[in-house]
Each structure stands twice: as structure tokens, then as C-alpha cells.
Amino acid sequence: MSEPVKSSKELVLIGLLNPKSPTNVGGVMRAAGCYQADGVRYTGKRYALAASHRGEQYNTDTKRVSRNIPLTGVECLLDDLDDDTQVICVDLIEGAIPLPEFRHPKKAIYLFGPEDGTLDQGLVDRADSVVYVPTVGCMNLASSVNVLLYDRLAKGRSHGSDELIRQSRDTNNRVKVKQA
């Protein structure tokens, strides 16, 4: 088995509504890299202000995925989408579909609310689906993106191989499973 290959008809975008924490945005970027998302969009000014003030724009993007996956500030998360890209809101919203029951579309933008708020009703009204991660309490933004992207991977394409492990692991990791 070889490394997972994305179909040319797949598209995975992450949309962040007015994020405030450079740490969480960096964590989202790392998740985007790990799960091969195509891009991350964000609205608002809080993230850029916090990043420039603290000088820590991508401090948790230790794999430097921001060099390969665009992080783009936009006025509206839904601008410039292909007609067949589905809008999926991810938040603790009454009436939402539990993530374990959700079927991911081939082309999607997954929208996440800010760390200290929720998605706008207007975005929810425009969504093709609204899903939530069934937890007790809420996770932080980067954790939510990781869980969503892992769920998409687990329900989708090929899952990997020893070659993928060798390419992905830390340089200090040479541990192998004991052969019987």
C-alpha cells in the first residue's frame, strides 16, 4: 500500500471565523498539513493583530506547512468557491448531525467558529450540513479541526503504510512492532 493519494475531484478547505489565537491557527495549519487539506481561510482582524503583536504567527506550525498550504485572510469564507463545494458548519449547534454519523462530501469547506464564540446564523443558514463532535464540553479550535479531518480520513480513502509512517515520524523515532 502506498501513501494516500487525493482524487483530483477532492477539495478540502478549512474556514475560520474571526480566530483570535496564533497558537490555535498554527495548530490548524499543522492539522491541515497532516491531513492534506488544500487551504485555510480566516476572517476578521484578531488573529493578524495578535500574531503581529506577539510575533508568533505560526508558532505551532512546526512542520512549516504554511509554505505549502495557503493561509488566506478573506472578507467572506464563502467567496470564490466552486458551485459543487459543499459548506459544512462544525460547531455545537442544536439540531446538528453527530460527526460519527456524517458522510463527508468530496468537495467541502468546513467552517469553524471563533474560540470565544460560535458561527454566525447566516453561515449556518447557508450550510449544506451542520455537524458537531459529540463531546462533554467543547474542544479548542485546533483540536476540533484535527478531529474533523481525522474523521474524513478514517471514512475515506486508503489509510497508509509503513512507508507513510517512515515519511511522517520524527527523525528520532526508529521503533518497530515486534515480529511474532
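Every heavy atom of this structure was used, including side-chain atoms; hydrogens, water molecules and symmetry mates were not. Here, residue 1 is the first one in the sequence, and each next residue gets the next number.
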Any donor-acceptor pair under 3.5 Å linking the side-chain atoms of T43 with those of N18? no

Using the ring pair (Phe, Tyr, Trp, His ring centres under 6.0 Å) rule, collect all pairs that involve residues 111-155, keeping only residues at least two apart or in two chains. none

Donor-acceptor contact present, side-chain N140 to main-chain A142, <3.5 Å: yes

Hey, does P19 have a side-chain heavy atom less than 4.5 Å from the side chain of L141? yes

Does some side-chain heavy atom of K106 sit less than 4.5 Å from a side-chain heavy atom of L11? no

Which pairs of donor and acceptor atoms, one on a side chain in residues 74-86, lie under 3.5 Å apart (sequence neighbours left out)?
residue: D82; atom: OD2; partner: K107; partner atom: NZ; Å: 2.8
residue: D84; atom: OD1; partner: K107; partner atom: NZ; Å: 2.9
residue: T85; atom: OG1; partner: D82; partner atom: O; Å: 3.4

Rounding to 0.5 Å, atoms CG (L71) and OH (Y42) come to a distance of 5.5 Å

If you compare all heavy atoms of V40 against all heavy atoms of A32, which two are closest, and at what distance to 0.1 Å? CG2-CB, 3.9 Å

Any heavy-atom pair between the side chains of Y47 and P22 that's under 4.5 Å? yes

As a quick check of understanding, evaluate side chain to side chain contact (heavy atoms under 4.5 Å, CB included) for L119 and L111, giving each step before the final call. CA-CA 8 Å; L119 291 167; L111 306 181; 4.2 Å; yes

In residues 123-130, what donor-acceptor pairs under 3.5 Å come from side-chain atoms, sequence neighbours left out?
residue: D125; atom: OD1; partner: Q121; partner atom: NE2; Å: 2.8
residue: D128; atom: OD2; partner: V87; partner atom: N; Å: 2.7

Any non-hydrogen side-chain atom of I14 less than 4.5 Å from a side-chain atom of I109? no

Do V12 and Q36 make a side-chain contact, defined as non-hydrogen atoms from C-beta onward lying under 4.5 Å apart? no

Heavy-atom side-chain contact between M139 and V145 under 4.5 Å: no

ILVMFWY network linking Y35 to I69, side-chain heavy atoms under 4.5 angstrom: yes

Could you verify whether a donor N or O on one side chain and an acceptor N or O on the other, from N146 and S143, lie under 3.5 Å apart? no

Please tell me if the side chains of L148 and V133 come closer than 4.5 Å, counting only heavy atoms from C-beta onward. no

CG on D38 to CG on L13, rounded to 0.5 Å: 6.0 Å

Would you check if the side chain of R152 reaches a backbone N or O of P105 as a donor-acceptor pair within less than 3.5 Å? yes

Hydrophobic cluster membership, with links at side-chain heavy-atom distances under 4.5 Å among I/L/V/M/F/W/Y: are L92 and I88 in one? no

Looking at L99 and K155, what are the two nearest heavy atoms and their distance? O-NZ, 2.6 Å

Taking the side chain as every heavy atom from C-beta outward, state whether N24 and E115 have any atom pair closer than 4.5 Å. yes

What is the minimum heavy-atom distance between Y110 and H104, and which atoms define it? OH-ND1, 2.7 Å

